[in-house]
Protein chains: 2
Amino acid sequence: MSSRPLPRSVRDLTGYELLLSVAELGSIGQAARRHDMSQPAASARLRQLEADVGTALLERRPRGTRLTTAGELVASWAQATVEAASDLAAGITALRADHHGHVRIAASLTVAEYLLPRWLIALRAADPETVVALDSGNSAEVEAGVLAGSADIGFVEGPEVASGLSSREVARDELALVVAPSHPWAGRRRNPRAAELAATSLVSRERGSGTRLALERALAERFGLETAEPVLEVSSTTAIKAAVTGGIGPAVLSARAVVAELAAGTLVRLDVTDLDLTRSLRAVWPEGAQPRGPARDLLAIALREQ
Amino acid sequence: MSSRPLPRSVRDLTGYELLLSVAELGSIGQAARRHDMSQPAASARLRQLEADVGTALLERRPRGTRLTTAGELVASWAQATVEAASDLAAGITALRADHHGHVRIAASLTVAEYLLPRWLIALRAADPETVVALDSGNSAEVEAGVLAGSADIGFVEGPEVASGLSSREVARDELALVVAPSHPWAGRRRNPRAAELAATSLVSRERGSGTRLALERALAERFGLETAEPVLEVSSTTAIKAAVTGGIGPAVLSARAVVAELAAGTLVRLDVTDLDLTRSLRAVWPEGAQPRGPARDLLAIALREQ
DNA sequence: TGAACGCATAAGCTGTACCTATGTCTTCTC
DNA sequence: GAGAAGACATAGGTACAGCTTATGCGTTCA
């Protein structure tokens, strides 16, 4: 992980947002207006941005402003960042404890982390008035919430759901065994087998976590294997990745959690030859009470993106 | 596109970076140290973050600080954002005009936009000392640059490369026909056919752009079709998306450019029944001069991630 | 029991980024 | 060909956000 702090130049996204607006609208002044700032303020920020990058990003013409090739490039990188920030904002809005939403969603961590923000943005695109309240917990808590009527729709991990609930698969989740590049397993020709995995002390989350449970159950049910005690129990996915990278030991995490680290080569993924670690992510609702209104829209969006 | 400005709370990523560091390191003070700020400053920023979100994100214990469930959620969303910002930073660093890098890369827009930042991060992970200089242009310019020796390695679009160059496919790119959800084509049962597409005025980039050329060539070579004049010619991908969303007309863009809009439902993608719009993205280097040093590492990374 | 670690509070300062007002330039229009 | 309109830059003044240092309190461990 190490997670070097970001350089100053990308910590504030305002300049990049302006750049994107200039690309879209064709002038600095119009971009400024969209962002509720004066034209000189926008102009100054963009000039600052060009100074940071060390290259001309804008071609200022009397009839308006266009992007240079370098500007286009920066704009496209910036757009990915702004989109991610937009997901973050959507999630935060749903998380606000103070206001009660029109749709009350209960979701397990994996769904809330990796799928919900995009769904929320699509939901708002369909109807900007929709207000969402999000509550996250483990699958049992989610199911209880839906059964108790404190959530309109829930999202859980694992194939079976509590009685009294209808469900539908909206995505699949894959668990990945990861090690540091320096770990002996990373250099071996053969992948580890289930028995070896079970006998190895892993870096894991606290007992009761969804992914830890899923792994333990998979090993127990299919092989009757008891899992070894963890080398380290930590509370956050971030901390697990840091520990694995630091060489403390292997870990099993949602594959979605480690795409960036795998791409960067800071973690190495290994298949476990004889173990299937995929699981179903399911929407749940009270039996006989098909989701209505925005909850139904959300379900439709989740199914569409499957 | 519309691209609503981001809320204040997510425009500055400092607080989120701190949150991630707290998750990893287990204390606010250590996180502060990593970010070269005083402990009170970090503490204040995190408190501000909690106020923005309206929920407790941290559980402050005398022995250190851990994340609450909501904190974990925000941290995971934040990590995606910070990763995107990190890609952006990597790209910008490579773009700096002032310093000359150890590896000189020439890349076509599509590769530079969507693939290079990750490769650069992986390259730096392998050797933090590597300095990269990036130059972007169309495929012909890239090939010329590599042949002239002003770039150590190049990345181009399209199946054939200039003579005197060796090449290897490192990814495939898919062009996508997109329309606004309100466009008649979006509601139709049948997908458009190549002839219909060729007869329709599109929103496109200036003549000479890689994607525009690829489309025109595909229609001409396979069907002998001449493409209609564009309804609008604009200079940036961002502006194209805005125009399509605004109902000006359909457009053909790299599928990678529109994933977010498709997910959000602001654009609709249509298959063209009888037209294959995939193309090869290739690394190129002078014939007989296999890439060496960091250029070779870069090629290896690109191939690994294929 | 005291030292170490961790976080919060207080007070004062610095600098960044903003706004309004104005100037300059080009291009379109009549 | 002259004036108007649009677009960007410059100048001057101000406000507030965020930082640092110094200090205090609470818990845990030796």
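We name chains A, B, ... by the order of the sequence lines, and we start the count at 1 in each one.
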Distance, rounded to the nearest Å, where A/R66 contributes CZ and D/dC8 contributes P | 13 Å

Could you list the residues that satisfy side chain to side chain contact (heavy atoms under 4.5 Å, CB included) with A/S38, not counting sequence neighbours?
-> A/P40, A/A41

Which residue pairs pass the salt bridge (charged side-chain N to carboxylate O under 4.0 Å, His left out) test with at least one member in residues 75-84 of chain A, sequence neighbours excluded?
-> none

Please name all residues satisfying side-chain hydrogen bond (donor to acceptor under 3.5 Å, both in side chains) with B/S136, sequence neighbours left out, ordered by chain then number.
-> none

Does B/T14 have any side chain to side chain contact (heavy atoms under 4.5 Å, CB included) partners at least two apart in sequence or in another chain, and if so, which?
-> A/R11, B/D12, B/M37, B/R45

Which pairs, with at least one residue in residues 51-64 of chain A and sequence neighbours excluded, count as a salt bridge (charged side-chain N to carboxylate O under 4.0 Å, His left out)?
-> A/E50-A/R60

Taken to the nearest whole Å, CZ/A/R11 to C1'/D/dG18 is 13 Å

Does the pair B/L13 and A/V10 meet the rule for a side chain to side chain contact (heavy atoms under 4.5 Å, CB included), with working shown?
-> CA-CA 8 Å; B/L13 300 182; A/V10 298; over 6 Å; no

A/E72: salt bridge (charged side-chain N to carboxylate O under 4.0 Å, His left out) partners, not counting sequence neighbours | B/R205

State which residues pass side-chain hydrogen bond (donor to acceptor under 3.5 Å, both in side chains) with B/S27; sequence neighbours excluded, sorted by chain then number.
-> none

Can you tell me how far C1' of C/dC7 sits from CZ of B/R33, to the nearest Å?
-> 13 Å

Could you pull out all residues at least two apart from B/S254 that satisfy side-chain hydrogen bond (donor to acceptor under 3.5 Å, both in side chains)?
-> B/D173

For the helix from C/dT1-D/dA30 to C/dC30-D/dG1, measure the angle between the helix axis at one end and the axis at the other, each built from five pairs, rounding to 10°.
-> 30°

Do any side-chain nitrogens or oxygens of A/T65 fall under 4.0 Å of OP1 or OP2 in D/dA7?
-> no

Show the distances under 3.5 angstrom between N or O atoms of the protein and N or O atoms of nucleotides 8-18 of chain C.
unit_1	atom_1	unit_2	atom_2	d
C/dA8	OP1	B/R60	NE	2.4
C/dA8	OP2	B/S43	OG	2.0
C/dA8	N7	B/Q39	NE2	3.2
C/dA8	N6	B/Q39	OE1	3.3
C/dC18	OP1	A/R45	NH1	2.4

The salt bridge (charged side-chain N to carboxylate O under 4.0 Å, His left out) partners of A/E129 (sequence neighbours excluded) come to none

Report each atom pair, protein N/O against N/O of nucleotides 27-30 of chain D, whose distance is under 3.5 angstrom.
none

